[in-house]
Amino acid sequence: MAQAATATKDTPFIWEGKDKKGNRVTGKSLATSEQALRSDLRRQGVVPTRIKKQSTAFRTGAKPSPEDIAIFFRQLATMLTAGIPLVQAFEIVGTGHEKPSMQKLIIDIKTQVEGGSTMHEAFAKHPLYFDDLSVNLVEAGEQAGALETLLDKIATYKEKTEAIKKKIKKALFYPAAVLAVAVIVTIILLIFVIPQFESLFKGFGADLPAFTQMVINMSKFVQSKGWLLGIVAFGAGYSFIYFHKRSRKMREWLDRTMLKTPIIGPILRKAAIARYARTLSTTFAAGVPLVEALTSVAGACGNIVYQDAVMRMKDEVSTGQRLQRAMDNTGLFPNMVNQMIAVGEESGSLDQMASKVADFYELEVDAAVDSMSSLLEPLIMAILGVLVGGLVIAMYLPIFKLGAVV
């Protein structure tokens with residue numbers, strides 16, 4: 001397959017042709033024109049027999065995800081290790097990707113590299129997809145002549161960190177989703193089911209039990225003021241998201257509160273330590289000086305409390321303090337982690353010891369998420385039983401009372 005890209009706007013094409021051996025080949029490519037694509041294919045030994053413009057749907061789709069970027073680094077590292085030239089590696093990876101937005105990103109980087117930019121400079125022009133850590137490590141690899149090794153380390157790092165993120169999302173999403181379903185079911189019962197029972201109870205000619213009357217009053221309130229509750233809920237959610245993005249104090253308060261939350265807090269703490277150790281191991285192994293590495297480590301922790309702590313550690317280390325002592329001063333790292341980092345400093349194998357810490361805490365996060373899921377299942381069932389079962393009982397209490405009278 002082939003793909004061309006220039007500084008001008010590219011158009012997607014689907015093409016068919018025959019290679020030098022006469023075999024039929026097909027592919028998707030970006031080119032400024034059909035003629036430019038024909039010339040590009042001929043240079044690669046392909047005789048095009050059919051070229052057709054791809055529909056505009058080809059250019060739409062989701063933006064590149066962190067998983068896409070991790071796979072991209074892994075593919076690039078594998079190809080460079082196999083001896084494939086850099087520009088050709090970009091060509092192969094970009095053309096072979098199924099997501100159009102990722103294709104465009106890779107071909108854009110390829111075009112910049114062909115134009116004389118270094119790879120880290122090309123990456124730096126896309127900060128939404130390549131963070132400072134990735135750019136700095138690629139630059140270190142280019143300067144040391146070990147680009148494929150550093151790309152492999154970046155790929156491993158991103159795969160590990162994304163796995164941790166997925167575990168955390170799984171831990172938070174499951175209970176939230178179940179509770180959301182419970183609330184929706186409760187609202188449906190209050191709006192559509194409870195009024196049917198209310199009309200039935202009016203013919204009884206007797207006072208309703210207090211619990212039943214309370215549920216009916218709640219149903220009337222939801223029917224009459226439900227729109228107001230919806231506006232308040234939407235406004236609260238929007239305000240939370242708005243200020244969470246723009247207020248660092250709010251994010252710090254939320255992160256600090258989440259770390260103190262039972263069950264979820266220990267998981268978030270272990271995940272932050274795993275990210276800290278994994279990023280420290282990756283940057284230090286790449287030859288980045290410790291003080292500079294801690295800046296990248298701080299941003300990768302995923303929690304403002306740990307981010308601020310690492311920046312304080314950076315200041316202490318820059319004045320000659322040992323990393324282990326600086327970590328101990330924060331009070332955020334378990335003694336086992338501090339001791340392993342101390343051993344790494346003394347033996348000159350800080351990257352290896354940090355990697356072992358990361359491996360251990362990544363496994364701890366896995367185990368903690370599985371344990372939490374097992375613990376929350378009966379708790380969530382109990383909450384569902386109280387919400388839905390309580391409404392059902394409230395509606396049948398008058399019927400039981402009437403039966404007892406009869």
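Predicted, not measured: the structure shown is a model, and the values here were computed from it.
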Can you see which heavy atom on A300 is nearest to which on R275, and at what distance?
-> O-CD, 3.3 Å
Does a side-chain heavy-atom distance below 4.5 Å link K166 with E67?
-> yes
Give the C-alpha distance, both sets of side-chain angles, the deciding distance and a yes or no for side-chain contact (heavy atoms from CB on, under 4.5 Å) between Q352 and S347.
-> CA-CA 10 Å; Q352 297 177 15; S347 62; over 6 Å; no
Could you walk me through whether R74 and T156 pass the side-chain contact (heavy atoms from CB on, under 4.5 Å) test, one step at a time?
-> CA-CA 8 Å; R74 175 64 66 197; T156 301; 3.0 Å; yes
Using atom types as modelled and distance alone, determine if a side-chain donor or acceptor of S239 lies under 3.5 Å from a backbone N or O of A236.
-> no
Backbone N/O of V215 and side chain of S219: donor-acceptor pair under 3.5 Å | no
Is the shortest heavy-atom distance from the side chain of V46 to the side chain of K18 under 4.5 Å?
-> no
4.5 Å side-chain heavy-atom contact, K153 and L137 | no
Minimum side-chain heavy-atom gap D68-Y129 below 4.5 Å = no
Heavy-atom closest contact (V357 atom, I273 atom, distance) | CG1-CG2, 4.4 Å
Tell me whether the centres of the aromatic rings in Y238 and F243 are closer together than 6.0 Å.
-> no
Could you please spell out the steps behind the side-chain contact (heavy atoms from CB on, under 4.5 Å) verdict for L259 and Y306?
-> CA-CA 10 Å; L259 289 176; Y306 277 86; 4.1 Å; yes
Short question: side chain of E121, backbone of T118 - any donor-acceptor pair under 3.5 Å?
-> yes
Between the side chains of D108 and Q112, is a donor N or O closer than 3.5 angstrom to an acceptor N or O?
-> yes
Heavy-atom nearest pair, A155 first then A70, reads CB-O, 4.1 Å
Geometric cation-pi criterion R278 and Y276, 6.0 Å radius, 45° cone | no
Short side-chain to backbone donor-acceptor contact, Q324 and E345, under 3.5 Å | no
In terms of ring plane angle, is the pair F123 and F130 parallel, tilted or perpendicular, where the classes change at 30° and 60°?
-> parallel
Criterion side-chain hydrogen bond (donor to acceptor under 3.5 Å, both in side chains) on Q213 and N217, from CA distance to verdict = CA-CA 6 Å; Q213 190 62 54; N217 293 338; 3.1 Å; yes
Output yes when D315 and R312 qualify as a salt bridge under the 4.0 Å nitrogen-oxygen rule, no when they do not.
-> no
At their closest point, which heavy atom of P64 faces which heavy atom of I69, and how far apart are they?
-> CB-CD1, 4.4 Å
Under the side-chain hydrogen bond (donor to acceptor under 3.5 Å, both in side chains) criterion, do T149 and D152 qualify, and how do the steps go?
-> CA-CA 5 Å; T149 302; D152 182 73; over 6 Å; no
Answer yes or no: is there an ion pair linking R248 with D255, defined by an N-O contact shorter than 4.0 Å?
-> no
Over all atoms of both residues, closest heavy-atom pair of M250 and F240 | CE-CD1, 3.1 Å
Count the heavy atoms of every other residue, nucleotide or ligand shown that sit under 6.0 Å from CG of D132, and state whether that count exceeds 12.
-> no
Can any side-chain N or O of E142 pair as donor or acceptor with the backbone N or O of M119 at less than 3.5 Å?
-> yes
Considering all heavy atoms, the nearest I264-M258 contact | CG2-CE, 4.0 Å
State, with a plain yes or no, whether a side-chain heavy atom of K260 is found less than 4.5 Å away from one of T257.
-> no
Can you find a pair of side-chain heavy atoms, one from S117 and one from I109, that are under 4.5 Å apart?
-> no
No-hydrogen, no-angle side-chain donor-acceptor test under 3.5 Å, N136 and H120 | no
So do L37 and P48 actually touch side chain to side chain, heavy atoms under 4.5 Å?
-> no
L280 and L290: CA distance, side-chain angles, deciding distance, side-chain contact (heavy atoms from CB on, under 4.5 Å) verdict = CA-CA 8 Å; L280 179 64; L290 181 57; 3.8 Å; yes
Side-chain touch V317/R322, heavy atoms, less than 4.5 angstrom | no
Where the side chain of Y361 meets the backbone of A272, is there a donor-acceptor pair that is under 3.5 Å apart?
-> no
Atom CZ of F284 and atom OG of S349: how far apart are they, to the nearest 0.5 Å?
-> 9.5 Å
Any donor and acceptor pair, going by atom type alone, linking the side chain of S371 with main-chain N or O of A367 inside 3.5 Å?
-> yes
Inspect the contact between D359 and K356 and indicate whether a charged nitrogen and a carboxylate oxygen are less than 4.0 angstrom apart.
-> no
Between the CG atom in L323 and the CG atom in N338, the distance rounded to the nearest 0.5 Å is 9.0 Å
For S281 and D351, indicate whether the former's side chain and the latter's backbone hold a donor-acceptor pair under 3.5 Å.
-> yes
Using a strict cut-off of less than 4.0 Å between a Lys/Arg side-chain nitrogen and an Asp/Glu carboxylate oxygen, indicate whether E162 and K165 qualify as a salt bridge.
-> yes
Return yes if some donor-acceptor pair links the side-chain N/O of N329 with the main-chain N/O of R325 below 3.5 Å, else return no.
-> yes
